[in-house]
Amino acid sequence: MQQYKDREPGLFSQVQRATAALGLSLFVAASAGAQTAVEVIKDGKTFFEIDGELFPALEALGPPPIPRDNPQTVDADGWPVKDDPKVKLGKLLFFEPALSGDGSVSCQTCHVQGAGWALNSAISRSYPGQSHWRNSQSVINAAYMSKLFWDGHKESLETQAPSAAKGLAGNGKTPMMSARLQMIPEYVAMYKEAFGSIRNPTKDAWRAISAFERTLTSVDSPVDQYLRGDEDALDEEQIRGLDLFNGKARCIMCHNGPLASDEKFYNLGVPRQPLFSDIPKNQIGFRSQTYSAGVPEEVFRSIKSDLGLYFKSHNKEDMGKFRTQPLRFIEYTPPYYHNGVLDDLEEVVDFYDQGGGDDYVLEDFGFSTKTRKLKKLNLTDDEKEDLIYFLEGFSGEEIFISIPELPKAPARISLR
Amino acid sequence: MMREKNISARFSLVAGIRQLCAGVAFALPVLLVAPAFAEPAPLAPLPDAEMPSAAKVKLGQLLFFEKRLSGDADRSCADCHIPEQGWAFPEQMSIGYPGTLHYRNAKTVMNVRFAEYFYWDGRLDGGNDLSTQARDSMTDAHFMSADGRIMGQRLKQIPEYVDLFKKAYNGEPYFGLIIKALGDFEKTLVSKNVPFDNFLKGDSGALSQQAKAGLNLFKGKAGCIQCHNGMMLSDGDVHVTGVPVNPDLFVTERYTTLRSQQMFLGTPNYWNLKQDPGFFAVEKDRKYFGAFLTPSLREVATTAPYMHNGMLPTLESVVDFYNKGGETANNKDPRIKPLGLSKNEKAALVAFLKSLSGDDLGIKSANFAEENMPKYKLKQWIGEKN
């Protein structure tokens, strides 16, 4: 095992490294040739050390957590099952455009299977007449996230869904959406089975959709199989890529643990999205959201690129910071970043190789919030290829489900 | 207050004091004779009201036709308040936000600056506050479903509007000024050269003999003036008249809107309403179930069909409805009784009602068709202030 060449190891880390060297390293055993990652075992857990800090190793994913206030049926191993009445209802509601203002937008409008359960466009869709301002994220494995949306302003699927349906995506209003669902006899029956009644049509809709989303998981990628102990699941190039991931390429500093995300917030210096300079309606969508965030006027006047976490915290140190993305299913979800400005994984790896980008916060506000974790990586072309190949191994099979036929309301209602 | 009005109808002293306070001089005799109901306010011509500046009116007028002030950018005020249709909607019940249908008739916005209350259920105070009504209609899910913060940013993307807001209010487009401008425009929607007003001002030739006979019936035998009184020919109060339920209320999209709105208003048993509850939704008192605001009769000839649900297609059918004493209904206003009007008398009443319309204001929808509206323009982005 080689130490990371750009760093000066401290006493602590030297001890740790010695400890690690004594322990059996899966990665060392599996891969021959040039190593960059510094593995450390501490309290029986594996970490990688970069710049004197320890970062939890990647792990295979277990079943998603299920909140106590929205229980659903799981199998013997704890995985949500699909024939739960709540999940069946949630699947229909995921496709149900009644859950929007004009009855034309459903969850799947912006989270399309075949597009990685996201959208292939840089900027997501809004309701007709309006433009969105951020990239649509995949629903796959959203069940594991504790910070939803790019700025992490929602903490559960149950609160993410209404935020999208009632906000910039759907423009829905609760009484109207509720009344629409109540008009559909099939839903009345399904709600009765799943929730006992249809007295809370929208609140329970978000619960049902969340339960459905907890069945949308990608946990059997080659990397997952490898992490579970199948050493043949990754080939030589991918294992070299993993080593770069954990070491020289410094990915593990943020993309770590079971989720491959620390769910913390960083400014990487992601480039500006030219679509905001080029298209009037995008400018409206962008300004609408920054205005609605209720930031001080002098800040609002100067915002030209997304300030991320700042819109939640209103703390200037958080300007331009976004939550670390998980990496599973990533091959299917281009383009990348909050503004979709990078088109493919090659661009992403090049971006990190250069140590991230220029900080637009610095340009617009005169101070930088860019993370110091990013440095020029000096990756060779082969190394970049290995890294991309590894990332692709994180994606697993593409996920498709049957498109359900939605129940309809009768033309006229009849009261008892 | 509407509630006081209904109570005051039973206690003439309160009614008398109230009318005194309102400066109605002849309220005093009311006190002395103590009738069962408050003496109707005298009919009066519309006053010469102060108009907002031309810059404000120009902006507000453009906004009145501006579809981008709705969520989907597909509905303007003028879509339900059509100038060529008496600034109302020509069908029984109006349309709504895309994906919805409304369950009430769209009222005219003519002379709305003088209205005491807004909407058929009278849920909003008028009193010169037109902006609040504009705000409600812009943001309600079934009307325009707009997010005011977004509307401001949409208009900021249109240089013509930026310029108009600067000229009219010395400000930039934002929701508060948008609804202010709409209200300022609506202040100009006042009937002009109304035969009946001219008659009241002393031009006895302004009304035909038939219309004059109708006026006498209106004030006398037909009893219309009991509720349709004062300058607006409305007492600004609510009454149950027993207008039949419109069967199309139960068209799913309309009933969805009914239930949605009544849910929002907290109406008891909104779940299972078999008719429009009207003012009951506001007051939550059973005696107001199916009570609706007395509409102004100004411009009435141009705003068919009639009643809160458009169930009466013509003025003749309205007169027939009242002539037979309305329909059976709980808590029906006791003043609505069979009138025994002859055919000629009914025709005279209609002739009088037709004298309440003024000249066309000359505002044409076609001038504000989408192709004539100012367009979104790209703004310099980096380096420019938002």
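Note on naming: letters A, B, ... go to the chains in the order of the sequence lines (proteins, then strands), and numbering restarts at 1 for each one.
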**OP:** Sort B:Asp74 into side chain, backbone, both or neither according to what part of it lies under 4.5 angstrom from a heavy atom of chain A.
**Re:** neither
**OP:** For residues A:Gly129 and B:Ala73, report the shortest heavy-atom separation together with the two atoms involved.
**Re:** CA-CB, 4.0 Å
Original post:
Is any side-chain heavy atom of B:Ile382 less than 4.5 Å from a side-chain heavy atom of A:Tyr360?
Top reply: no
Subject >> Side chain / backbone / both / neither for A:Tyr291 at chain B, heavy atoms under 4.5 Å >> reply: side chain
**OP:** Assign the ring pair B:Trp381 / A:Phe286 to parallel, tilted or perpendicular, where the plane angle (0 to 90°) is split at 30° and 60°.
**Re:** perpendicular
Subject >> Pair B:Arg149-A:Ser288, side chain to side chain contact (heavy atoms under 4.5 Å, CB included): steps then yes or no >> reply: CA-CA 6 Å; B:Arg149 300 165 300 186; A:Ser288 298; over 6 Å; no
Original post:
Taking only heavy atoms into account, what residues of residues 164-183 of chain B are found under 4.5 Å from chain A?
Top reply: B:Glu172, B:Tyr174
Original post:
In terms of side-chain heavy atoms, does A:Gln130 have a donor or acceptor partner in B:Arg154 at a distance below 3.5 Å?
Top reply: yes
Original post:
Where the side chain of B:Thr256 meets the backbone of A:Arg180, is there a donor-acceptor pair that is under 3.5 Å apart?
Top reply: no
**OP:** For each of B:Glu253, B:Lys377, B:Gln380, tally heavy-atom pairs with chain A at distances under 4.5 Å, and name the one with the top tally.
**Re:** B:Lys377
Original post:
Quick one: CG on A:Leu415 to CG on B:Asn272, what's the gap to the nearest 0.5 Å?
Top reply: 5.0 Å
Original post:
Side chain, backbone, both or neither: which part of A:Asp364 has an atom under 4.5 Å from a heavy atom of chain B?
Top reply: neither
Original post:
Can you say whether B:Tyr97 sits under 4.5 Å from chain A via the side chain, the backbone, both, or neither, judging by heavy atoms?
Top reply: side chain
Original post:
Can you tell if the side chain of A:Lys304 reaches within under 4.5 Å of the side chain of B:Asn386, non-hydrogen atoms only?
Top reply: yes
Original post:
Do the non-hydrogen side-chain atoms of A:Ser178 and B:Met263 ever get within less than 4.5 Å of each other?
Top reply: yes
Original post:
Step by step, would you call A:Arg412 with B:Asp248 a side chain to side chain contact (heavy atoms under 4.5 Å, CB included)?
Top reply: CA-CA 8 Å; A:Arg412 299 177 70 89; B:Asp248 281 352; 3.4 Å; yes
**OP:** For side chain to side chain contact (heavy atoms under 4.5 Å, CB included), just list the numbers for B:Trp271 and A:Gln182, CA-CA rounded to whole Å, side-chain angles, deciding distance to a tenth of an Å, and then say yes or no.
**Re:** CA-CA 10 Å; B:Trp271 189 265; A:Gln182 287 170 351; 3.0 Å; yes
Original post:
So, the side chain of B:Ser260 versus the backbone of A:Ala179: is there a donor-acceptor pair under 3.5 Å, distance only?
Top reply: no
**OP:** Drop me the distance from A:Ile413's CD1 to B:Phe250's CZ, to the nearest 0.5 angstrom.
**Re:** 6.5 Å
**OP:** Side chain from CB out, backbone as N, CA, C, O: work out which of these in B:Lys156 comes under 4.5 Å of a heavy atom of chain A, or both, or neither.
**Re:** both
**OP:** Drop me the distance from B:Leu155's CG to A:Ile284's CD1, to the nearest 0.5 angstrom.
**Re:** 8.5 Å
Original post:
Once you round to the nearest 0.5 Å, how far does CD of A:Gln283 lie from OH of B:Tyr376?
Top reply: 12.0 Å
Original post:
Which bit of B:Ser70 comes within less than 4.5 Å of chain A, counting heavy atoms only: side chain, backbone, both or neither?
Top reply: neither
Subject >> Validation row: A:Leu168, B:Ile150 side chains within 4.5 angstrom (heavy atoms) >> reply: yes
Subject >> Euclidean distance, B:Lys385 NZ relative to A:Glu297 CD, rounded to 0.5 Å >> reply: 10.0 Å
Original post:
Top residue by heavy-atom pair count (under 4.5 Å) with chain B, among A:Ser302, A:Gly101, A:Ala411, A:Gly103?
Top reply: A:Ala411
Original post:
Any residues in residues 133-145 of chain B near chain A, with a heavy-atom distance under 4.5 Å, and which are they?
Top reply: B:Thr139, B:Ala141, B:His142, B:Ser145
**OP:** Check whether B:Leu249 gets within reach of chain A through its side chain, its backbone, both or neither, counting any heavy atom under 4.5 Å.
**Re:** neither
Subject >> Residue pair A:Arg287, B:Gln157: steps toward the side-chain hydrogen bond (donor to acceptor under 3.5 Å, both in side chains) verdict >> reply: CA-CA 10 Å; A:Arg287 276 202 319 272; B:Gln157 202 69 36; 2.8 Å; yes
Subject >> Portion of A:Ile279 that has a non-hydrogen atom of chain B nearer than 4.5 angstrom >> reply: backbone
